[in-house]
Amino acid sequence: MVLPTFLRRRFNRLRIGFFLHSPFPSSEIYRTLPVREEILKALLNCDLIGFHTFDYARHFLSCCSRMLGIEYQSKRGYIGLDYFGRTVGIKIMPVGIHMGQLQSGLRLPDREWRLSELQQQFEGKTVLLGVDDMDIFKGINLKLLAFENMLRTHPKWQGRAVLVQIANPARGKGKDLETIQAEIEESCRRINGDFGQSGYSPVVFIDRDVSSVEKIAYYTIAECVVVTAVRDGMNLTPYEYIVCRQGAPGSESTSEVSGPKKSMLVVSEFIGCSPSLSGAIRVNPWNIEATAEGMNEAISMPEQEKQLRHEKHYRYVSSHDVAYWSRSFTQDLERACKDHFRRTCWGIGLGFGFRVVALDPHFTKLNIDSIVNAYEISESRAILLDYDGTLVPQTSINKPPSPEVVSTINTLCSDRRNIVFLVSGRDKDTLGEWFASCPKLGIAAEHGYFLRWSRDEEWQTCTQALDFGWMEMAKPVMNLYTEATDGSSIETKESALVWHHQDADPGFGSSQAKELLDHLESVLANEPVTVKSGQFIVEVKPQGVSKGVVAERILASMKEGGKQADFVLCIGDDRSDEDMFENIADIMKRNMVAPRTPLFACTVGQKPSKAKFYLDDTFEVVTMLSALADATEPELETDSADELAASTSSLDIGDEQSESTDRPIGGS
Ligand SMILES: O=P(O)(O)OC[C@H]1O[C@H](O[C@H]2O[C@H](CO)[C@@H](O)[C@H](O)[C@H]2O)[C@H](O)[C@@H](O)[C@@H]1O
């Protein structure tokens, strides 16, 4: 399950589909794993993840929500997880059997011979059949106990019903297995002792290797197949049984089930094939009485009803064979990749309505020596730093920057060749206060709605957003969700409203966030805003305000001010930073920076991203920045940001600048 991480790291544009053939446990069990996040994140490097049943997919989605805070969307029948700019598809499709293989077995003459022997052996008896591997999950002893119960509560079956249990030899060993084998032996002995008569053994236990041809013969004579596994990814025994009871097409004369075809199934509700077998009698195998009743109901059912159920199952099993499953998965994988590829090439994602740009073919760890080398030989550097999750851990309660961060930033700012900007979603007063001791640091607050080039400069506002009437509409909606969701709160910024649910119950908070997002989108449909979800937040902010826009503006200002960047470092961890990576990649193509400028777009944490590089955590980010600080030449100290702010004073960066009394970004 972690393989996709290694593949994606080496080959970013590889098509990766993953199908889980075993059950995905509920989040209550899954969350006990020490490496739970790593496995989930590794799977999210795939383009498509498949599960046999909706339950398994639901468990996976709920783990992603509870452990990674990622919510799924369902659009036009397709489920997708929006994970750092990519939509990872979720496919629910149970695997099928190989029809051709089984049908050629059904045509073998060898089988006819064994069949007549079995027909003779069980003449006048009603055969219930179990075919399982000998392991602790197959519930073989539960089946024996239920059969015993049926013989006792429905004595009409004594002397008539036989349970043939084929147990494929155990592949594992250990104490648990030995215990279960001893229990099985004891149950067989007791049932045959209590109910057996001369010429009648109610349980026929076969624990040797049974060839597939012989199994086909057993399937053919069985009135009912019983599967009581307590956990099983899919279990194809019922499918094989149905096909064998139908016989090989076109071989009516040799078909051993004379008259109308019929089959009956008693299946555990804990196995993957259960949801697709609507005509089966579904049981909780732990409930011995109910399973016994299920067996009795199955073999007592009117013949016509058995026939109708069989026909329904056969139609499904024969049309949903392994070839169908494989085609369907491959098609969906193609579609998911085409969507990613389309975004990769042209930067427009059609699938779930968001824009993404070039994914570099090689997603690699940012090498400190390489970035230091590039830094040392450059003359005009743009360093754009996100705050939460980049300079301080997302999980940190104490949010102000550490003295190490402040001092590193000050060293970087001291070189006149550097323009260093904090680009954050946080409000300007908090950031201004936290970085009060960094006089030359530029700050873009509230995703760039506010910007100042240095501490002693005035804050400039993005002139595009002037109408904030929408806040009166959004606030009451957010209030409703805050009242109903213990632990949630509203943050009112000057340009945006944020609903936080980090301190709410994770599951409830996420589902409320989803509801709120939809609610706000419909209430604010005609307003000049965007509604986005982020790390435990739902945020409403003005349209046209994004970290991508602000990054573009900073680089444009540098060019206009005669300091065209020849080194760009841009680092961040979340969705809002992906906008920055996207726009910067675009800027490079538009010659807004010097030719052959190295772009170090770097995300924090290994995950699909529009950034080419990653660092694992905030510690590595600070270490890398310290290495750049060490390579900084103090003799070149001067007020570069102030100079630039002055030199770009006439730069027009806001679309509606002329109508605004605000100073445009880049002006001084
Ligand atoms: O752009 P960033 O620097 O990454 O800032 C994004 C958001 O930061 C703040 O929210 C984050 O911290 C909160 C308090 O610890 C936490 O509850 C939330 O889950 C984090 O996303 C800020 O409050 C938001 O307005 C910013 O958008």
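Counting starts at 1 for both ligands and their atoms, following the listed order. Quick note: numbers below take in every heavy atom, side chains included, and nothing from hydrogens, waters or symmetry partners. Not measured: the values here are computed from a predicted model.
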Which of the atoms in ligand 1, numbered in the order shown and given with their element, are less than 4.0 Å from a heavy-atom of [X]?
X	value
Phe536	19 (O)
Tyr387	3 (O)
Lys493	24 (C), 25 (O), 26 (C), 27 (O)
Gln535	18 (C), 19 (O), 20 (C), 21 (O)
Glu539	27 (O)
Gly425	1 (O), 2 (P), 3 (O), 5 (O), 25 (O), 26 (C), 27 (O)

One thing to verify: whether [Y] and [X] come together as a salt bridge, which I'm taking to mean a side-chain N less than 4.0 angstrom from a carboxylate O.
X	Y	answer
Asp566	Arg381	no
Lys610	Glu582	yes
Glu379	Lys563	no

Nearest neighbour in protein (non-hydrogen) for [atom]:
atom	value
atom 4 (O) of ligand 1	Asp386 OD1, 2.9 Å
atom 10 (O) of ligand 1	His500 CE1, 3.8 Å
atom 12 (O) of ligand 1	Arg426 NH2, 3.3 Å
atom 15 (O) of ligand 1	Lys399 CE, 2.8 Å
atom 20 (C) of ligand 1	Gln394 OE1, 3.5 Å

(request) May I ask you to decide if Arg31's main-chain N or O and Arg36's side chain share a donor-acceptor pair within less than 3.5 Å? (result)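 Side chain of Arg36 to backbone of Arg31: a pair is present.
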
(request) Look at ligand 1 and say whether Glu446 reaches it with a heavy atom at a distance under 4.0 Å. (result)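 No, Glu446 has no heavy atom closer than 4.0 Å to ligand 1.
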
(request) Using the ring-ring contact (aromatic ring centres under 6.0 Å, His included) rule, collect all pairs that involve residues 408-434, keeping only residues at least two apart or in two chains. (result) Tyr387-Trp434, Phe421-Trp453

Any N/O pair [X]/ligand 1 closer than 3.5 Å:
X	result
Asp388	yes
Ile537	no
Ser576	no
Asp577	no

(request) Check each of Glu491, Lys547, Arg575, Gln502 against atom 16 (C) of ligand 1 and report the one with the nearest heavy atom. (result)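 Considering heavy atoms of Glu491, Lys547, Arg575, Gln502, the nearest to atom 16 (C) of ligand 1 sits in Gln502.
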
(message) Minimum distance, heavy atoms only, to atom 3 (O) of ligand 1: which one of Ser424, Gly69, Ser488, Ser489 is it?
(response) Ser424

(request) Name all pairs fulfilling the side-chain hydrogen bond (donor to acceptor under 3.5 Å, both in side chains) condition that reach into residues 514-537, sequence neighbours left out, sorted by first residue then second. (result)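 Only Tyr481-His519 qualify under side-chain hydrogen bond (donor to acceptor under 3.5 Å, both in side chains).
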
(request) Please tell me if the side chains of Ser609 and Tyr614 come closer than 4.5 Å, counting only heavy atoms from C-beta onward. (result) no

(message) I need the single residue from Ile443, Leu384, Asp415, Leu385 that forms a side-chain contact (heavy atoms from CB on, under 4.5 Å) with Val420. Which is it?
(response) Leu385

(request) Check the surroundings of atom CG in Asp486: do more than 12 heavy atoms from other residues, nucleotides or ligands lie under 6.0 Å from it? (result)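 Not buried by this count: 12 neighbours or fewer within 6.0 Å.
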
(request) Check whether the ring centres of Phe567 and Phe600 lie less than 6.0 Å apart, and answer yes or no. (result) yes

(message) Under a plain distance cut-off of 3.5 Å, with no hydrogens placed, do Asp456 and Ser454 share a side-chain donor-acceptor pair?
(response)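 No donor-acceptor contact under 3.5 Å links the two side chains.
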
